[in-house]
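Following: one structure in C-alpha cells, then a few remarks.
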Number of protein chains: 2
Amino acid sequence: MTATTDRTDPMASAPSRDGSAGSRIATRLRDEILSGAYAPGTRIRQEDVAEQFGASRLPVREALRILESDGLVTLVANTGAWVSHLSLAECEEMYQIRERIEPLLLRYSLPQLSPETLGRLQELADEMQAGTDVETFLRLDREFHLLSYSGAVTSILGETVHRLWNSTQHYRRAFTTLIGPDAGRAVHYEHQLLIGALRRGDSEEAERMLGGHIRRTRLELSKHPALFAQ
Amino acid sequence: MTATTDRTDPMASAPSRDGSAGSRIATRLRDEILSGAYAPGTRIRQEDVAEQFGASRLPVREALRILESDGLVTLVANTGAWVSHLSLAECEEMYQIRERIEPLLLRYSLPQLSPETLGRLQELADEMQAGTDVETFLRLDREFHLLSYSGAVTSILGETVHRLWNSTQHYRRAFTTLIGPDAGRAVHYEHQLLIGALRRGDSEEAERMLGGHIRRTRLELSKHPALFAQ
DNA sequence: ATTCAGGTCTTTGGATACAATGAGAGAAAT
DNA sequence: ATTTCTCTCATTGTATCCAAAGACCTGAAT
C-alpha cells in the first residue's frame, strides 16, 4: 500500500500495474503504440479495441485512462481517443525536463551499479556502435539508458523518466529514420564517455555527460520541425 | 486534438478536464483530498463516493483512475483505493524534481509576466509576511508560486509541476502546522528576493533563488521524518 | 493461548442494455 | 457555388445486474 507501483524489471516497457483486464489491455496497447503500429493522431475506437481483445468496452476505457496518464493517448469527452502527438515545442519541453532530471536519476543509480551491469552497458554501447537498423538502434539505446538507471531505487523519478521516454518514442523513431542510425556518430562517443565516467564512479562527470547528451539531441531534433507537421 | 488538456486558469486546483461525470467527481474529490479532509492512507470505497455524488460506481471508478494518474490516489487491483501517502524518501524525490524543473518553468514564464502580475505577486508575498494561519499560508504560498509560473505557455512542464504540488500538498500542510506558518522567516525573505529578480527580469538569479528556496525547504522537511510515520 | 482452516460477506471487476452527445451527410436557401 | 440548417447515425457515457476476488470472522485443533 505504497504510493508507487511495483516495477521489478527496470526494462519493462509496461508497468503491468496489476492483473485487471484494463491494465492488461493497456500494456498491450502501449506496446503497440510504442512499436510504431499506430501513428500519432490515429483515432482509437473503444469498440474496435474491445473486439480485438475480446472484452467489453469498459476495461478498454480503463486502459485508455491509463494510457492517457502515460501521455500516450489523448481523450476528449464525448468525442473519442487519439494517439497523442506532440508539437515541436512540447517535444523540446520534454527534452528539457529529461535534461534536468535524468542526471539526477543517474546520480541515484550510479553507486548501485554492479560490475555485471557496467559490462552489459559496454556491450550495448559496442553493439550500437557496430551499426544496425533503426529499430535495433532504438531498442539498444533505450535499454542502454534505462539500464544505467536501474541502480536507482527511486519511485516517482524513475516513473517520470519512463513516461518521458515513452511519450517521445515515436519522434525518436522518426528522427532516427530520417538521419539514419549512424548519422550521429556523437551518440556513440557520448555513450562511451558516459560509461567511462560510470566506471570511475565519477558522478559529477557522468551527470554532465548525460545532460549534454540529452541537450545535444534536443538541439538536433529541433532542426527538423517537419517531423512534427500536423 | 492536441496532446495537452486546456488549462486557461493557471490557479485552478483541478484540470476540470471535461464535462463527464467521472471528471467532475474527480475534481471535487481532488479538492477534498487537497483540502485535507482525507488523510493519506484513508480508504476510499467506490460505493460511498457514488452515493455521495448521486452517481453509479462507474464514473467513480473513472474518477479514481484520474486521481491515480494525479498521484493522489493509489489503486490496488481487486482490493480498493486509498489516498496516497508518501515516504520521506519519496517526498524528497519530489522536491529534488521540483528543484530542477520549477526554475526551468520560471524561465519560460518570466518574460511574459505583466506588471499587474508582478504587483499581485508582491501583494501575496506581503500578505504572507504579515502572518496568518496555516491554511491561509498554504493557499497564499501556492498561489504565489503558481502565479509566478503563469506566464509560461508550456503544457507538459506546467502539468508536471502542478502534479508535484498536489502530491506533496498534505505534507506541506503537516510541516507548516508543525513548525508554524511564520517559524521559517527565510521563506518570506526568499519570496521578496525572488520578486526582486523577477522585476529586474534577471532570469539567472530568479532561477537560482527558486532552486535554493525549494532546496532549503526539502532539507528542512527531511529533519522531520515523523511527518511520514506510517 | 495461538494458529490455521474454512466459510461468509463485503467490495471490486466486467458485461449487457440504454441514454445522450457529437459528427457527418444531405438538402435547401442565399 | 457556397453556406447553413437539420436529420440521422455512429460513438461515447452511464446505470443496472451479475461474477469473482479478497478480507474478516468464526471455529477447531494443537
Side-chain angles (χ1 to χ4, degrees), chain A residues 1-3 5-6 14-30 33 38 41-70 72-85 230, chain B residues 1-3 5-6 14-30 33 38-70 72-85 230:
Chain A
M1 183 184 139
T2 85
T5 61
D6 288 333
S16 179
R17 191 182 326 233
D18 54 30
S20 79
S23 299
R24 279 185 289 108
I25 293 174
T27 299
R28 290 191 47 188
L29 261 186
R30 178 175 18 235
I33 292 174
Y38 294 100
T42 304
R43 177 154 190 189
I44 303 174
R45 283 186 194 78
Q46 296 178 358
E47 198 136 11
D48 293 353
V49 179
E51 188 179 9
Q52 178 183 349
F53 289 100
S56 88
R57 275 172 37 223
L58 217 135
V60 172
R61 290 169 62 98
E62 297 218 349
L64 292 176
R65 287 282 183 203
I66 293 170
L67 294 176
E68 187 196 26
S69 80
D70 287 351
L72 290 176
V73 159
T74 302
L75 294 177
V76 180
N78 287 315
T79 304
W82 286 266
V83 178
S84 294
H85 61 82
Q230 300 289 354
Chain B
M1 183 183 140
T2 85
T5 61
D6 289 335
S16 179
R17 191 183 324 233
D18 54 31
S20 79
S23 298
R24 278 185 290 108
I25 293 174
T27 299
R28 291 191 49 189
L29 261 186
R30 177 175 18 234
I33 292 174
Y38 294 100
T42 304
R43 176 153 190 191
I44 304 174
R45 282 186 193 77
Q46 296 180 359
E47 198 135 11
D48 293 353
V49 179
E51 189 179 11
Q52 177 183 349
F53 289 100
S56 88
R57 274 173 37 223
L58 218 136
V60 173
R61 287 169 58 174
E62 297 220 348
L64 292 176
R65 285 284 182 200
I66 292 171
L67 294 176
E68 186 197 25
S69 79
D70 288 351
L72 290 177
V73 159
T74 302
L75 294 177
V76 179
N78 288 314
T79 305
W82 286 266
V83 178
S84 294
H85 61 81
Q230 301 288 354

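Keep in mind the model is a prediction, meaning the values are calculated, not measured. Values below: every heavy atom of this structure, side chains too, minus hydrogens, waters and symmetry copies.
Spacing between atom CG of B:Asn78 and atom P of D:dA21 amounts to 7 Å, rounded to whole angstrom units. Per the geometry, CD belonging to B:Gln46 stands 16 Å off P belonging to C:dT10, to the nearest Å. Atoms CG (A:Asp48) and P (D:dT12) sit 8 Å apart, rounded to a whole Å. Between the P atom of D:dG13 and the CG atom of A:Leu58 lies a distance of 11 Å, rounded to the nearest Å. If you take CD of B:Glu47 and P of C:dG13, they are 13 Å apart, rounded to a whole angstrom. Atom CG in A:Leu75 sits about 16 Å away from atom C1' in C:dG22, given to the nearest Å. As a whole-Å value, the separation of A:Ile66 CD1 from C:dG13 P is 11 Å.
Comparing A:Thr79 and A:Gly54 by the nucleotide of DNA chain C whose heavy atom lies nearest to each, the residue mapping closer to the 5' end is A:Gly54. Place B:Pro59 and A:Gly80 on DNA chain D by their nearest nucleotides, and A:Gly80 ends up nearer the 5' end.
Across D:dG13, C:dT12, C:dT16, the shortest atom-to-atom separation from the side chain of B:Arg43 is found for C:dT12. Of the candidates C:dG13, D:dG13, D:dT16, the closest approach to any side-chain atom of B:Ser56 belongs to D:dT16.
Contact check, B:Arg61 against C:dG14: a side-chain N or O comes under 4.0 Å of OP1 or OP2. A close approach under 4.0 Å does not occur between any side-chain nitrogen or oxygen of A:Arg45 and OP1 or OP2 of D:dT12.
Side-chain atoms of B:Arg57 and base atoms of C:dG14 include no donor and acceptor less than 3.5 Å apart.
Of all non-hydrogen atoms in A:Ala63 and A:Gly22, the two that sit nearest each other are CB-O, 3.3 Å.
A distance of 10.0 Å separates NE2 of A:His85 from OG1 of A:Thr42, quoted to the nearest 0.5 Å. Rounding to the nearest 0.5 angstrom, the gap separating the OH atom in B:Tyr38 from the CD1 atom in B:Ile33 is 8.0 Å. Note that CZ of A:Arg43 and OG1 of A:Thr79 are 7.5 Å apart. Values are rounded to the nearest 0.5 Å.
Here A:Leu64 lies out of heavy-atom contact (under 4.0 Å) with every strand.
Remark: A:Glu62 does not engage A:Arg65 in a salt bridge, criterion side-chain N to carboxylate O under 4.0 Å.
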